Number of protein chains: 2
Amino acid sequence: MKNMKQSRKTRYTQMALQDSLVELMKQKPIAKITIKELCENADINRTTFYAHYTDQYDLLQKMEEECLSFAREAISNLIGEKDQNEMMKLLEEVFEYIIDNRNHIRILMSEQGDINFQKQLFAMIYESCGISPYPDKNVDMGTKEYYFIYAVSGSVGLLQHWLKDDVMKPAKEMAETIYRMACFTQFTGCCTVQLSEDR
Amino acid sequence: MKNMKQSRKTRYTQMALQDSLVELMKQKPIAKITIKELCENADINRTTFYAHYTDQYDLLQKMEEECLSFAREAISNLIGEKDQNEMMKLLEEVFEYIIDNRNHIRILMSEQGDINFQKQLFAMIYESCGISPYPDKNVDMGTKEYYFIYAVSGSVGLLQHWLKDDVMKPAKEMAETIYRMACFTQFTGCCTVQLSEDR
DNA sequence: TATTATATAAACACCGTGTTGATTTTACAA
DNA sequence: TTGTAAAATCAACACGGTGTTTATATAATA
């Protein structure tokens, strides 16, 4: 309680800086944004900025972590779910969340956004998921991995495209499309890309 | 002929700066690279740099354009070719080219690289290719586009992954894998993503 | 050899950076 | 209300990269 109240000021400062960054990143690449203008835009003293972050990238990364932790949990839930219908529901919820937070996520996922975020996202997915080989002599392990990469890249690319739309297609439709494509890519690879929770 | 000889010095300068940038980008993100160190590393005067480029990003973009013009022609050839076997040969040649120039391309396509390059690459592919609908009531035009996006994103993502490998799989294998996956994605979408040359 | 294009050199004002120490504001508790 | 911590502000600072200028040196050609 004590700490809560004490950090009210702090939380405002951080929020102001975050919003300022998002706003500026709509206009120009982060590399061209100076700490000075970032602070002036947020109406926060430059010294205060340095009390919290080291530079623009540090601030951005803090924002990314919030988003990544949501993604981590979503993936974890998807892995645990074996029932098709339940899986679809989970997927739909994910896309609902994205719609609700589209302002921030749009920036993170856009071409303007930090490529590091997408890198982390991929790394997280690969880490969470294991590729379990399905016996088939025609396709070796390395190639199976390639099919998996293809599916993940395709899905994330589609997600980016979806976010660009001003009138975003409903979450349900996205969930169905992604689900169908990922399944078929598995089929194509003649292997089962199993989401295993035991590693 | 006259201009050729005159530009020998110039060409050396530009090459030195390009190589210097590639070398530095292996070590750190481009945003952290200063013009000063870039020039010192290349042993080129800073004033000379400004005679050719405005900043690091400008230099990088010039490099990207070379690569993009190759990609543009490759896509154009692929579109013109209807025979499956000939198409495979063309694809193989593309991957051979990438192997030969892997030092530069690796940087451009990597997470360290400029996200703008990948953006241009996607834009170029989308521009070159048209999505011709195949009559099917279940899938509307918007969704078909989504399948196409998925295929392109997947292919490019796979390309990136392939480049990361120290021991890159042979060009032929990559050509086959990509070709098969793209075909199946078309099938999945219940539509023909036709590479049409008439637009 | 004279001419032209290009690269170098030194010097410059300018601006953002990151840090310091002193001061003010804010939230809360006695 | 008042005292006390924590946090934000302010002014000032040295530092270093930026982009431009002017003069000079080097290289390629005719």
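Lettering follows sequence order; numbering is per chain, from 1. Computed from heavy atoms alone, side chains included, the values below leave out hydrogens, waters and symmetry copies. Note that this is a predicted model, so its numbers are computed, not measured.
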Separation of [N] [atom2] from [X] [atom1] (nearest whole Å):
X	N	atom1	atom2	answer
Y53(A)	dA8(D)	OH	C1'	14 Å
R11(B)	dA28(D)	CZ	P	11 Å
D55(B)	dT20(D)	CG	C1'	15 Å
Q56(B)	dG19(D)	CD	C1'	13 Å
Y12(B)	dA28(D)	OH	P	13 Å

Which residues pass the side chain to side chain contact (heavy atoms under 4.5 Å, CB included) test with [X], sequence neighbours left out?
X	value
A71(A)	L121(A), M124(A)
I107(B)	V22(B), M25(B), K26(B)
T48(B)	T13(B), I44(B), N45(B), H52(B)
Q27(A)	E23(A), L24(A)

Legend entry - Side-chain N or O of T10(A) closer than 4.0 Å to phosphate OP1/OP2 of dA8(D): yes
Legend entry - Contact under 4.0 Å: H52(A) side-chain N or O vs dA8(D) OP1/OP2: yes
Inset, instruction - Nearest 0.5 Å please: distance from the CH2 atom of W162(B) over to the CE atom of M168(B). - result: 3.5 Å
Is there any protein nitrogen or oxygen under 3.5 Å from a nitrogen or oxygen in nucleotides 23-26 of chain D, and what are the pairs?
none

Inset, instruction - Could you check which residues of residues 42-50 of chain A get a heavy atom under 4.0 Å from DNA chain C? Sort them by number, please. - result: R46(A), T47(A), Y50(A)
Inset, instruction - For DNA chain C, determine which residues of residues 13-35 of chain A have any heavy atom closer than 4.0 angstrom to one of its atoms, and list them numerically. - result: T34(A), I35(A)
Legend entry - Sequence neighbours excluded, every pair satisfying salt bridge (charged side-chain N to carboxylate O under 4.0 Å, His left out) that has a member inside residues 53-65 of chain B: K32(A)-D55(B), D58(B)-K62(B)
Legend entry - Pairs where residues 153-164 of chain A contributes a residue and the test salt bridge (charged side-chain N to carboxylate O under 4.0 Å, His left out) is met, not counting sequence neighbours: E111(A)-K164(A)
Inset, instruction - Answer yes if the ring centres of Y150(A) and Y146(A) are under 6.0 angstrom apart, and no otherwise. - result: no
Can you list, pair by pair, the side-chain donor-acceptor contacts under 3.5 Å of residues 85-92 of chain B, counting residues two or more places apart and other chains?
none

Inset, instruction - Could you tell me which residues satisfy ring pair (Phe, Tyr, Trp, His ring centres under 6.0 Å) with F70(B), sequence neighbours excluded, listed by chain and number? - result: Y97(B)
Legend entry - Qualifying ring pair (Phe, Tyr, Trp, His ring centres under 6.0 Å) pairs with a residue from residues 23-45 of chain A, counting only residues at least two apart or across chains: none
